[in-house]
Amino acid sequence: MTPLPPGPPQPKSPVRKILIIVAIVLLLCCGGAAVAGYFAYRGIEAATGPARDAATAYADDLVARDYAGAYAGLCSRTRALTSEQQFIAEQTAGPRISDYSVAGVNVEQHNSTVSGVVTLELTRADGSQSVLGVPLLKEDGQWRVCL
């Protein structure tokens, strides 16, 4: 008996190629989303970071009882309405701030005015807690607290 010649080759299943293509597409999409997210985060941080820094410097001065330093960080409008002595008297009259944390930062631009609000969660020396929205205004390229 003579052996039979081999038959036609069996068609290969396209499942493997499809899975490889789907994996590559998913990898590219996820990688693209991660890169876009990174740059979005960096953009938001660049926009809100200086405002956050100004508010935390102000809060650090209040915690350290450096009321003159806190007053120096105020915007020109607030300093025109309140003398340094009045500001210090107001700060020493209430319960002292012993600690704080930043709960949120919001920055906006309307026409040529750049402003923002940094939300601080304050802890006072008597143990009470409160939330304070610290309004900020960008003057001459610097963020200032504008109460």
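Residue numbers run from 1 in the order of the sequence given. Only heavy atoms go into these numbers, but all of them, side chains included; no hydrogens, no water, no symmetry mates.
- Atoms CG and CD1, from L19 and I24 in turn, are 11.5 Å apart once rounded to the nearest 0.5 Å.
- In this structure, R144 CZ and L137 CG are separated by 10.5 Å, a value rounded to the nearest 0.5 Å.
- Counting Ile, Leu, Val, Met, Phe, Trp and Tyr side chains that sit under 4.5 Å apart, directly or through other members, L27 stands alone, with no cluster partners.
- Here the CG atom belonging to L136 is positioned 12.5 Å from the CD atom belonging to Q142, to the nearest 0.5 angstrom.
- A distance of 11.0 Å separates CZ in R124 from CZ in R96, rounded to the nearest 0.5 Å.
- Atom-to-atom distance recorded for I97:CD1 and S130:OG is 7.0 Å, nearest 0.5 angstrom.
- Panel note: side chain Y67, backbone F87; no donor-acceptor pair is recorded below 3.5 Å.
- The distance from atom CG of L81 to atom CD of Q86, rounded to the nearest 0.5 Å, is 9.5 Å.
- Shown here are the side-chain hydrogen bond (donor to acceptor under 3.5 Å, both in side chains) partners of D60, two or more places apart in sequence or in another chain: Y100.
- At a threshold of 4.5 Å between non-hydrogen side-chain atoms, the residues P135 and L147 count as touching.
- Cluster membership for I18 and L26, using ILVMFWY side-chain heavy atoms within less than 4.5 angstrom, is shared.
- Using a 4.5 Å cut-off between side-chain heavy atoms of Ile, Leu, Val, Met, Phe, Trp and Tyr, with links allowed through other members, V134 and V117 fall into different hydrophobic clusters.
- No side-chain donor-acceptor contact under 3.5 Å links T82 to the backbone of R79.
- The local environment of CZ in R65 is sparse, with at most 12 non-hydrogen atoms from other residues, nucleotides or ligands closer than 6.0 Å.
- No donor-acceptor pair under 3.5 Å is formed between the side chain of T123 and the backbone N or O of S98.
- In summary, of the residues considered (D53, V118, V114), a side-chain contact (heavy atoms from CB on, under 4.5 Å) with W143 occurs for V114 alone.
- Using a 4.5 Å cut-off on side-chain heavy atoms (C-beta onward), Y58 and L120 make no contact.
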